[in-house]
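Written below as structure tokens is the structure these notes are about.
Not measured: the values here are computed from a predicted model.
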Amino acid sequence: SLKKINVLDRFLFEWVELLNNGKVTSFQIVESCLDRINKYDHKIKSFTKVFSEEALESSSQSDHRRSKGKQLSILDGIPYASKENIEIENKVAAAGMLSRKGVISKINSKAIDLLNKAGAINLGHLNMHEAALGSTNENPLHGKTYNPHMEGFTPGGSSGGSGAAVASGFSLFSLGTDTLGSIRIPAAYCGVSGMKPSKGLVSLSGVVPLCSSFDTLGPLARSSKDLSMILDLLICFDPNCSESVD
């Protein structure tokens, strides 16, 4: 009964404003993203797992909070997705590796915890280059991810699924990791915005490591203004992360 929307019509910061003004619901936004995933991701292959039922349930809870004036943060009800090397409790965190294909996470990464507390809604795990070491996003476990702008071409890597999902309107933002360009390359290839934060700004707790002295976790979205809103929620000092800076 709710009006269908196209998430690519506006940037994340504009959807936040519409949510705050009661002109759109979280359920509508999440449903639109899931519809686009169902319709188009068989060609793009950005997701390795979609959490459809949980996401729709979380969106209804978010709408209820907003109706009571009790939203958890500026991004309460906003859908995102996260690279497969970022752990989510009770989900497989294979990090694109055959050797980890059955590994079930016992914890949430710190970034996922922070976004859960903010009420953001995780739509699923995103494909990546094996072990986050490579820039083509060819993966032995899940196959290739493709660039949404040009059929058959690479989205870049290693956070290729993160770049492709945002460019395709499958999520309003995504999380990636960057060691040697793994956020910046897919952001450039897919025509979106991505950021490798300063070292120690965002916790790496619960991220499958590649090279901890260079690894960072950061956001991808469709504008730099969007990135600033996301980064505000991710910045924290984490005593459980040896790289974290107070």
Side-chain angles (χ1 to χ4, degrees), residues 7 10-21 24-26 29-30 33 51 54-55 58-59 61-66 68-89 91 105 107-126 159 161-163 165-166 170-178 182-184 187 192-207 215-241 243-246:
V7 294
R10 291 177 171 84
F11 294 111
L12 181 152
F13 70 87
E14 294 173 309
W15 286 119
V16 166
E17 192 174 330
L18 290 172
L19 268 175
N20 287 337
N21 294 334
V24 70
T25 65
S26 171
I29 298 173
V30 169
C33 288
F51 313 145
E54 295 154 271
S58 294
S59 70
Q61 292 170 3
S62 174
D63 288 331
H64 181 71
R65 286 194 295 271
R66 280 187 182 273
K68 303 290 185 184
K70 295 182 178 178
Q71 58 259 44
L72 299 175
S73 80
I74 197 166
L75 294 187
D76 195 342
I78 293 293
Y80 74 100
S82 51
K83 190 175 179 178
E84 200 190 51
N85 62 343
I86 300 169
E87 294 197 71
I88 302 173
E89 189 177 6
K91 306 290 185 187
S105 297
I107 58 160
N108 280 329
S109 67
K110 183 66 174 179
I112 296 293
D113 264 343
L114 291 170
L115 290 173
N116 284 347
K117 287 172 185 171
I121 297 168
N122 197 322
L123 299 178
H125 270 319
L126 295 167
S159 307
S162 303
V166 170
F170 298 156
S171 63
L172 292 192
F173 72 94
S174 65
L175 296 183
T177 60
D178 191 314
S182 288
I183 286 172
R184 294 162 289 168
V192 298
S193 295
M195 181 183 184
K196 177 177 180 171
S198 301
K199 188 68 188 165
L201 197 65
V202 178
S203 172
L204 290 171
S205 289
V207 175
D215 292 344
T216 57
L217 183 153
L220 296 91
R222 288 179 55 232
S223 80
S224 56
K225 185 171 181 178
D226 293 344
L227 295 181
S228 69
M229 297 170 71
I230 304 155
L231 195 63
D232 279 347
L233 295 177
L234 295 175
I235 294 170
C236 76
F237 172 65
D238 180 7
N240 295 316
C241 173
E243 305 295 326
S244 190
V245 175
D246 191 351

Considering all heavy atoms of both residues, which atom of [X] and which atom of [Y] are nearest to each other, and what is their separation?
X: S171; Y: C33; answer: CA-SG, 4.0 Å
X: G176; Y: S162; answer: CA-OG, 4.0 Å
X: S26; Y: D63; answer: N-OD1, 2.7 Å

For atom CD of E17, is the number of surrounding heavy atoms from other residues, nucleotides or ligands below 6.0 Å larger than 12?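 No - once you tally the heavy atoms of other residues, nucleotides and ligands closer than 6.0 Å, there are 12 at most.
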Would you say [X]'s side chain and [Y]'s backbone share a donor-acceptor pair under 3.5 angstrom?
X: K196; Y: D215; answer: no
X: W15; Y: I78; answer: no
X: N85; Y: V207; answer: no

Sequence-distant partners of [X], side chain to side chain donor-acceptor pair (under 3.5 Å), two or more places apart:
X: S182; answer: S158
X: Q61; answer: E57
X: N20; answer: R66
X: K91; answer: E54

Tell me, do [X] and [Y] make a side-chain contact under 4.5 Å, heavy atoms counted?
X: L204; Y: K199; result: yes
X: I74; Y: D232; result: no
X: I112; Y: L175; result: yes
X: I29; Y: P79; result: yes
X: M229; Y: V16; result: yes
X: V202; Y: T216; result: no

Between L233 and L114, does the side-chain contact (heavy atoms from CB on, under 4.5 Å) criterion hold? Intermediate values first, please. CA-CA 7 Å; L233 295 177; L114 291 170; 5.8 Å; no
Point-to-point distance, once rounded to the nearest 0.5 Å, from [atom1] of [X] to [atom2] of [Y]:
X: L75; Y: F13; atom1: CG; atom2: CZ; result: 13.0 Å
X: L217; Y: I86; atom1: CG; atom2: CD1; result: 4.5 Å
X: S205; Y: D113; atom1: OG; atom2: CG; result: 9.5 Å

Only distances under 3.5 Å count here; give the side-chain donor-acceptor pairs of residues 117-126 to other protein atoms, sequence neighbours excluded, each with its distance to 0.1 Å.
{"unit_1": "N122", "atom_1": "OD1", "unit_2": "G124", "atom_2": "N", "d": "2.8"}
{"unit_1": "N122", "atom_1": "ND2", "unit_2": "Y80", "atom_2": "OH", "d": "3.4"}
{"unit_1": "N122", "atom_1": "ND2", "unit_2": "S82", "atom_2": "OG", "d": "3.1"}
{"unit_1": "H125", "atom_1": "NE2", "unit_2": "V92", "atom_2": "O", "d": "3.0"}

The test is side-chain contact (heavy atoms from CB on, under 4.5 Å); show your working for K110 and N240 and say whether it passes. CA-CA 9 Å; K110 183 66 174 179; N240 295 316; over 6 Å; no
Can you list everything that forms a side chain to side chain contact (heavy atoms under 4.5 Å, CB included) with [X]? Sequence neighbours excluded, please.
X: R222; answer: L8, F11, V166, V192, D226
X: S193; answer: L227
X: I183; answer: S159, D178, L220
X: S244; answer: F237, D238, C241

What pairs meet the salt bridge (Lys or Arg N to Asp or Glu O under 4.0 Å) rule with one or both residues in residues 71-84, with sequence neighbours excluded?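 As it turns out, the salt bridge (Lys or Arg N to Asp or Glu O under 4.0 Å) pairs with a partner in residues 71-84, which skip direct neighbours, are R65-D76.
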